[in-house]
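In this text, all values refer to a predicted model and were calculated from it rather than measured experimentally.
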Amino acid sequence: AAGALRGFTTTGAALDLLFPLRHAIFGPIYAAAESPVAVVVIDEETYGTEPFAGLPQVAWTPQLGRLLEALDAAGAKLIGLDLVYPTTLETLLPGYDRPLRRAVAKLGRAGKLVMGRVDSSREPILPERGQLLAVGDEAHVRSLQLATDADGVVRRHPGTLPDAQSGVGVPTLVGELAGRAGARAPKTFFINYNTGQDTLPVYGFADVLACAEAENAGFLAKAFDGRIVLVGTALDVEDRRVPATRFALSPYDGPTTRCVQRPADAPVYGDAVT
């Protein structure tokens, strides 16, 4: 087994070298502007920008609901939440989560939202009960499990995972989004990473929210209309992942484009690899 792992690691490293080689010969697979996927990230800048500064993430649910509404209004084809809020302030502040639950219910009924869950060694970490009731169908909640090779590099992704009870393959969040978009995700697949300076459009959570509040519908439609939108995090400590494009891509250093000007006192990005 150890020999097999060593062989796979060597092969994996060799595959990683093919990305810069492919880029040098052929360039990126597609320009970021042509990407079918866009990403909205909670990053260091979001944490340092009002109304998020100093506010624990469990209290961000009204803003997340507003973000989902803005993405829907902008014409997003599908939305995947690479976030899990297992707790709520509802018991202390009744009605506090109403904006999020309302957005989740609307998108769930339309089949446009896939929420995430974390498959831990004991019990899965799920969105809190109110969000689960709002989304209305367990098919709208899928695993966020990530595949990491023996050398710590992310080269593959599970399209399906066996159900704990039946053993039948169930789509992951990525597999579910692919299926709803008309593609079929295999059980496990190698990630065909794009390369280049801007691999896909990335937008900051705080910036998109400010854009929605400024009613800049034109920017939002250009950014998200017809795209699959993933909402997740890109933080210096929590999100250190080494991709197979480690020899071809620069670390995340902020959104690729903005709707509003970056705050002068916004945090400086670190060297997180996501």
Side-chain angles (χ1 to χ4, degrees), residues 36-42 57-73 75-91 94-148 156-189 191 205 224 227-233:
V37 176
V39 179
V40 176
V41 294
I42 294 173
Q57 224 184 104
V58 68
W60 292 14
T61 53
Q63 288 81 18
L64 181 57
R66 180 72 183 97
L67 174 77
L68 294 178
E69 288 180 346
L71 295 176
D72 185 35
K77 183 176 183 178
L78 294 166
I79 301 170
L81 274 187
D82 190 6
L83 300 168
V84 183
Y85 286 81
T87 57
T88 178
L89 294 180
E90 277 288 318
T91 53
Y96 190 84
D97 281 354
R98 190 172 297 141
L100 176 58
R101 293 178 179 180
R102 183 172 57 238
V104 164
K106 179 183 178 184
L107 289 165
R109 286 194 302 269
K112 294 178 64 175
L113 176 68
V114 183
M115 305 181 74
R117 75 166 192 263
V118 177
D119 290 324
S120 64
S121 57
R122 295 183 179 180
E123 295 292 329
I125 301 172
L126 296 164
E128 60 88 21
R129 185 171 179 271
Q131 295 173 36
L132 292 176
L133 291 173
V135 78
D137 191 326
E138 64 180 20
H140 298 320
V141 183
R142 296 303 194 195
S143 176
L144 297 173
Q145 187 166 322
L146 187 68
T148 303
R156 301 168 296 132
H157 200 290
T160 63
L161 291 170
D163 179 75
Q165 307 262 332
S166 65
V168 176
V170 176
T172 59
L173 181 136
V174 168
E176 184 70 29
L177 290 172
R180 295 189 189 191
R184 180 180 175 275
K187 183 178 179 180
T188 302
F189 58 92
I191 303 170
F205 190 128
F224 304 114
R227 282 180 164 147
I228 299 171
V229 183
L230 296 174
V231 182
T233 58

Query raised in the report: If we only count heavy atoms from C-beta on, is the V37 to L177 side-chain gap below 4.5 Å?
Result: no

Requested in this report: Could you tell me the separation between the CZ atom of R129 and the OG1 atom of T87, rounded to the nearest 0.5 Å?
Outcome: 16.0 Å

Requested in this report: Mind running side-chain contact (heavy atoms from CB on, under 4.5 Å) on L161 and V170 for me, showing each step along the way?
Outcome: CA-CA 5 Å; L161 291 170; V170 176; 5.9 Å; no

Report task. Check each of V229, D72, I79 against K112 using the side-chain contact (heavy atoms from CB on, under 4.5 Å) test, and report the only one that passes. Result -> D72

**Report entry** Set of residues satisfying side-chain hydrogen bond (donor to acceptor under 3.5 Å, both in side chains) with respect to R101, sequence neighbours excluded
**Finding:** E128

Query raised in the report: How would you list all residue pairs meeting side-chain hydrogen bond (donor to acceptor under 3.5 Å, both in side chains) that involve residues 60-71, not counting sequence neighbours?
Result: T61-D97

Query raised in the report: Do the side chains of T172 and Q145 get nearer than 4.5 Å, heavy atoms only?
Result: no

Query raised in the report: Step by step, would you call E176 with R180 a side-chain contact (heavy atoms from CB on, under 4.5 Å)?
Result: CA-CA 6 Å; E176 184 70 29; R180 295 189 189 191; 2.9 Å; yes

Query - side-chain contact (heavy atoms from CB on, under 4.5 Å) assessment of H140 paired with L113 - result: CA-CA 7 Å; H140 298 320; L113 176 68; 6.0 Å; no

Requested in this report: Give, for atom CG of L78 and atom CG of L71, the distance between the pair rounded to the nearest 0.5 Å.
Outcome: 12.0 Å

Report task. Hey, could you give me the CG/CZ distance between L64 and F205, rounded to the nearest 0.5 Å? Result -> 5.0 Å

Report summary line: By salt bridge (charged side-chain N to carboxylate O under 4.0 Å, His left out), K187 pairs with (sequence neighbours left out) none

Query raised in the report: Name the one of V141, L173, L81 that satisfies side-chain contact (heavy atoms from CB on, under 4.5 Å) with R117?
Result: V141

Query raised in the report: What distance do D119 atom CG and L146 atom CG have between them, rounded to the nearest 0.5 Å?
Result: 12.5 Å

Query raised in the report: Could you state the interatomic distance from CZ (R184) to OG1 (T160), rounded to the nearest 0.5 Å?
Result: 8.5 Å

